[in-house]
Colleague: 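I am attaching a structure below and will ask some questions about it afterwards.
The model shown is predicted, which means the values in this text are computed figures rather than measured ones. Chain letters run A, B, ... following the sequence lines, proteins first, then strands; residues in each count from 1.
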Amino acid sequence: MAQQNHLYLVDGSSYIFRAYHRLPPLTNPEGTPVGAVYGYTTMLWKLADDLHKADGPTHMAVILDKSSQSFRNELYDQYKAHRPEPPEDLRPQFPLIRDATRAFSMPCIEEDNVEADDIIASYAKDALAKGWKVTIVSSDKDLMQLIQPGLDMLDTMKNARLGPEAVMEKFGVTPEQLGDVLALMGDAVDNVPGIRGIGPKTASKLIVEHGDLESVLAAAPSMKPSKMRDSLIEQADMARLSKVLVTLKDDCPLPNELDDFLLKDIPPEPLAAFLTKHGFTSLLRKLGASGPADAAPAPSGAPSDAPGSDNAITPQPLAMPAINLDDYVCVQDVDALDAWIAKARAAGMVAVDTETDSLDSMQAALVGVSLAVAPGEACYIPLGHGSNDMFAEKPQQIALGDAIARLKPLLEDDAVLKIGQNLKYDLNVLARHGVHVSPIDDTMVMSFNLDAGQEFGTGGHGMDALADRHLGHQCISFKSLTGTGKKQIGFNEVPLADATRYAAEDADVTLRLWHVLRPRLPVEGATRIYQNVDRPLIPVVAGMERHGIKVDREQLAALSQDFATRMAALEGEIHELAGQSFAIGSPKQLGEILFDKLGLKGGKKGKTGAYSTDVTVLEKLAGEGSEISRKVLDWRQLSKLKSTYTDALQEQINPNTGRVHTSYSLVGAQTGRLSSTEPNLQNIPIRTEIGRQIRHAFVAEPGNVILAADYSQIELRLAAHMADVETLRDAFAHGEDIHNRTAQELFGEVNRDTRGRAKTINFAILYGISRWGLAGRLEVSADEAQAMIDTYFQRFPGINRYIAETLASARECGFTETLFGRKTHFPRITSKNQAERQGSERAAINAPIQGTSADIIKRAMVRMNPALEAAGLGHVRMLLQVHDELVFELPEGDVEAASAVIRSVMENAAEPAVTLSVPLGVEIGTGPSWGAAH
DNA sequence: GCACTCACG
DNA sequence: GACGTACGTGAGTGCC
C-alpha cells in the first residue's frame, strides 16, 4: 500500500530571524557571521532525519521571501513600512540560507512580488486538494490561519506540533476565526493597523462573543458607550483593510509541480562541502558517521568546543513500564551483585544512587548502593545496615570492601555511562572509598540546563519534584522511613524491605528521568552548556569540596572573644542611651525604642507595619547625630560577624580532616552561578577592616601559600562586549580605570564624587536600571537620575539597544541566553502585575551578563587541573570559587609558575567558543592566608 | 515558617 | 492613580 504523501513547507525567512536571536554570533573560517545559518542547517538536518519515518515528510520545499513588495503594498502603502533594517551581521547570512538549502539538495522557492506566506498557502491548498498531508514548518501566527484537518504546523525550536488546540490556547478562537482576531488587533511589526486600543485579549474576546469581524463591527453601535465602542465604529474600515492584509492569498501562480518536491536520500558530497566551508565540524562528523537522512538525531549546539565530549549513547524513545515497587530486588550476596554488574555492562549505562547516614558527603558513612539498568529493573545493595543496638542481629549483606572491589571497575569503566541525580554527592562518598566514577550524566544538572527559572507547581530540580513533574510519580518520602525530629532514625536502621523499595526507586526514577531529559538537550539547545560546561564541572567541584580549606580555629576563637567583649560594652551604652534594657537584636523592639520612645524621625515600612531599622535607616540617623544609632550599627556588625562567622565556622571544621568543606550547588542560582552552603564560603567578609580579619583565619598548610586570582570588572567588560559599546571597549583595551572613564563621559570631570557616582551608575546598568532606584542610591531626585540615565545611553549608545533587544527576545521566547547558550526562563516577564513584570525585566537584563561571567569562570575551572598537570603543577589545589575569584593552595616555590598557568587559563576561558572584543583581566595575589592574598 | 537584616559578588 | 523600586545568593535571629 502506498504511503500517503506528506508535504513539508519550510518558512525559511521567518526561521532565520528566530535562529539569529537565539544562537551565538558564530563566524565561519572566512569571518562571515553564520550563527543563524548554523541554526537553519541543524533544523533542515532534523527535518531530513524524519524521512522514512512514520508521518515524516515525503516531499519538502523551502519558501523564502524574495522581496517585501506584494499586492498588500498597493492596498496599503504603510504595509511593512516601519520594519527595522535587519541587523548588520544577519544580512550577509540571507544568501547563505539558499546555499544551505541547496546543500541538502532541496528545492528553494522564491518569487517576485509575492510573499512567502502566500506561496505557502497556495502550495498547501494544492496539496490538500490532492489528498496529501501538509506540515508548515514555522511558528508565524499568520500562517496559523491555515491549520485544518490534514494540515498542521511544526515549531522546530520548541519541537512542538501545532494544531487547532494551539490556536485555541494562544488566541482562544478556531483557526478560521484567527484572521478576524488578527484584523482587530493589528500587527506592529508588519504595520497592519487593526483597531487602536484593541490588543490580542480584547480582539479574541470580541470574536468569541460575536463570531466574526463583520458581526463585531455591526454590533458596535449597540455596545455600551466606551472608548472601544467609538474606536470600532470610527475605524471599521481600517479593520476591514487589516483583514485583507492578514488574509493569505492561496491562489498564487506556482512555479513548480508538487512532484518536484519529492524528498530523496540526500547526496552527501554537496552537504559535506557546505559544512566544511562554514566550519560546522560537529555536523560534519555526524555526516561522516551516517547521513542525516538515516542518522540518529543530530545534536544541536555549537561546532566542537573543548572541553567535554558527547556521550557515546543516545537514548531512543522508550515506552517505560509503570513503576512497581515490588519489582525491586535486594542484593545480599556477591553472585547476585556480579549478575547486576553484568547487566549494567550489557546495557552500557546504569543509574547509581548511594544511601548514607548523613547529608554531609564528607562525613557520611555508606549504607548501601542502588542500581537501575533499565526502567523498572533496579536493585538495592545494603552494605551498612544493622540496628544501633550492637547485640541485635544484623541482616545478611555483602561486606563493604567486597562490594566496593566489585563495583569499582564498573563505576570507572569508560564504556558504561553512570547516571545520577545530584551525582556530585555520590562522587564524594565513593571517592572517599577510592572509587572515581566516570563517565557521568546528572539528571539534576540536565533539568537545570533545560528549565532554569521555570516556575513549576513544585519548584526546584530535586528528584521528588522532577519525578512528579516528568513521570507523574510520587516518590516514597525519606521522612516516611526515618521519621523526623528527636525520633528520627538513620537510614542504616531502616528495615531492608523498606530500604530496598526506597533506594531502588531512586535509581529507577533517575534512569527514567534521564530518558525524558536527555533527548530534550539537543532539541532545546542545551547540549552546549551541559556537555561543555556544567557536566564536566561536576567532578571538579566535587574535588574542591573534598579538599576543603584549612581554618585556624584559635584565631577564630580569639576573634569571637574580642567581639563578645566589645559587644557587651556597646550593649551597656545602648541600654543607657535608651533608658531601658531591651533586645538589640530584635528589629521590632529596636524600632519601638528609636521611633516611639526616643521620638526619632523615620517611617513605618513593610507589610507587617514594623519600623524599618536596616543599615540605610540607621546610617541616616547616625549622620544626623544619633549616638545610639551609631552604636547599634557597631553592635550589629560585631553580632553578625560573631554569630555567622567566628562562632559558626569553628563548628564547621571537619574533625577528620581539620579543614572546612563547603558544599557548592550547581543548580542554586538561576543565572548559572554556583552557590555555597554549610558553610557559605562565598560571603566571607572583606569590605570592612574588622570583617577582613576573618579572612586571615583561612590559611595555607606550613610551607604552602594561598593564591587568590580575581577577574577584574568581568561583568562590565562583558557588558561592553555584549552591548558593543566602543567607548567602554576602548577603555578596557587600554587598561583605563573604567569608573574614571565613565565619570569623564558623564560629568566631564573626574574626582572622587563623580567617580563614585559613575560607579553606582555602571552597576545600576548591569542590574536593569530604574530612575527611582538610581535616585535612591545617589540621593538625587528621580528627574536628575533620569537625566543621568539619558546621558549614559547617549554616551554609550549600544547599552540602550542591548536592553531593548534582550527584553524583546525574553518576552518572545520566555528566556534569555548567555554567550555560551545557557538559558534562564522568565515566565513572569509578561505578567499583568507591573511590579512583578518589571522585576522580571531587570533580572532578564542582568541574567545574560551575570550568567556569561559564570560560564567563563566555570570553563576556567574545568580546564584548570589539566592545565596545571600539563605544566608539572599537579599538586596545586583549587580550593574555592567566589563568582569571579578562584582560591588555590600551593607550595611557596611554585607561585610564579602556577600564576602564569592560572592567569592564562582564566584569561582565555571564553575561547574558542566565543571571542570577546575586550580582554579579560586577572589580578593575582598570594600570602599565608586568604586575607593576605588580596 | 516567615520577615528582617546583612555578609558576599 | 497607586504601586514599589537594582541583579544574584545563604545564614542567623526574633517572633508567631
Colleague: Between A:Asp442 and A:Lys424, does at least one N-O distance fall below 4.0 Å, as a salt bridge requires?
Modeller: no

Colleague: Specify the separation, in whole Å, of atom CG of A:Leu590 and atom C1' of B:dC6.
Modeller: 15 Å

Colleague: Counting N and O atoms only, with roles assigned by atom type, does the side chain of A:Lys858 sit under 3.5 Å from a partner on the main chain of A:Gly672, one being a donor and the other an acceptor?
Modeller: yes

Colleague: Between A:Arg757 and A:Glu784, is there a side-chain N and carboxylate O pair less than 4.0 Å apart?
Modeller: no

Colleague: Quick check against the 3.5 Å criterion: does A:Arg717 have a side-chain atom that pairs as donor or acceptor with the backbone of A:Ser712?
Modeller: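 Yes, the answer is positive, given that a donor and an acceptor are paired below the 3.5 Å cut-off.
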
Colleague: Give the minimum heavy-atom separation between A:Thr806 and A:Ala844, together with the two atoms involved.
Modeller: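 Where A:Thr806 meets A:Ala844 most closely, the heavy atoms are CG2-O, 3.4 Å.
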
Colleague: Please find the pair of heavy atoms, one from A:Ala785 and one from A:Ala775, that lie closest to each other, and give the distance.
Modeller: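 The pair with the smallest heavy-atom distance is CB-N, 3.7 Å.
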
Colleague: Should A:Arg687 be listed as having a side-chain N or O under 4.0 Å from OP1 or OP2 of B:dC8?
Modeller: yes

Colleague: Taking atom OH of A:Tyr645 and atom NZ of A:Lys640, what is their separation to the nearest 0.5 Å?
Modeller: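 Result: 5.5 Å between the selected atoms.
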
Colleague: Residues of residues 775-805 of chain A with any non-hydrogen atom less than 4.0 angstrom from an atom of DNA chain C: list those, numerically ordered, please.
Modeller: A:Arg777

Colleague: Classify the nucleic acid contact of A:Arg673 as base, sugar-phosphate or nothing, counting any heavy atom under 4.0 Å across all strands shown.
Modeller: base

Colleague: Rounded to whole Å, please give me the gap between CG in A:Leu641 and C1' in B:dA7.
Modeller: 8 Å

Colleague: Taking the nucleotide of DNA chain C with the nearest heavy atom to each, does A:Gln850 or A:Gln834 sit closer to the 5' end?
Modeller: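 So the residue in question is A:Gln834.
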
Colleague: Counting Watson-Crick and G-U wobble pairs with both distances under 3.5 Å, what is the dot-bracket string for DNA chain C, 5' to 3', using [ ] for crossing pairs and | for pairs to another strand?
Modeller: ......|||||||||.

Colleague: Where does the chain A footprint on DNA chain C start and end, counting 5' to 3' with a 4.0 Å heavy-atom cut-off?
Modeller: C:dC3 to C:dC15

Colleague: Quick test of your reading of the model: are A:Arg659 and A:Glu889 salt-bridged, counting only N-O distances below 4.0 Å?
Modeller: yes

Colleague: How is A:Thr613 classified with respect to the nucleic acid when contacts are heavy atoms under 4.0 Å: base, sugar-phosphate, or nothing?
Modeller: sugar-phosphate

Colleague: Could you check how far CZ of A:Arg695 sits from P of B:dC8, rounded to whole Å?
Modeller: 8 Å

Colleague: Backbone N or O of A:Leu766 within a donor-acceptor pair of the A:Asn846 side chain at under 3.5 Å?
Modeller: yes

Colleague: Where along residues 757-767 of chain A does a heavy atom fall under 4.0 Å from DNA chain C?
Modeller: A:Thr760, A:Ala764, A:Tyr767

Colleague: Base, sugar-phosphate, or nothing: which does A:Glu885 touch, judged by heavy atoms less than 4.0 Å apart?
Modeller: nothing

Colleague: Please check this pair: side chain of A:His825 against backbone of A:Leu450, looking for a donor-acceptor N/O pair closer than 3.5 Å.
Modeller: yes

Colleague: With a 4.0 Å cut-off on heavy atoms, is A:Leu674 in touch with a base, just the backbone sugar-phosphate, or nothing at all?
Modeller: nothing

Colleague: Provide the full list of salt bridge (charged side-chain N to carboxylate O under 4.0 Å, His left out) pairs with a residue in residues 674-684 of chain A, sequence neighbours left out, each pair given once.
Modeller: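 The answer is none; no pair qualifies.
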
Colleague: Please work out if A:Gln589 contacts a base, only the sugar-phosphate, or nothing of the nucleic acid, heavy-atom cut-off 4.0 Å.
Modeller: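 Counting heavy atoms under 4.0 Å across all strands, the contact made by A:Gln589 is with sugar-phosphate only.
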
Colleague: Counting any heavy atom closer than 4.0 Å, what does A:Asn680 reach on the DNA or RNA strands: base, sugar-phosphate only, or nothing?
Modeller: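 Result for A:Asn680 = sugar-phosphate.
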
Colleague: Checking all strands, does A:Ser676 fall into the base, sugar-phosphate, or nothing category for heavy-atom contacts under 4.0 angstrom?
Modeller: sugar-phosphate

Colleague: Is it the case that atom NZ in A:Lys201 sees more than 12 heavy atoms from other parts of the structure closer than 6.0 Å?
Modeller: no

Colleague: Going by ring pair (Phe, Tyr, Trp, His ring centres under 6.0 Å), name the pairs with one or both residues in residues 555-575 of chain A, residues two or more places apart or in two chains.
Modeller: A:His575-A:Phe582

Colleague: Return the value, rounded to whole Å, for the distance between atom CG of A:Asp634 and atom P of B:dC6.
Modeller: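 Roughly 12 Å, once rounded to whole Å.
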
Colleague: If I take atom CD1 in residue A:Ile714 and atom P in nucleotide B:dG9, what distance separates them, rounded to the nearest angstrom?
Modeller: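 For the pair A:Ile714 CD1 and B:dG9 P, the rounded distance is 14 Å.
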
Colleague: Does a salt bridge link A:Arg566 with A:Asp562, judged by any charged N lying under 4.0 Å from a carboxylate O?
Modeller: yes

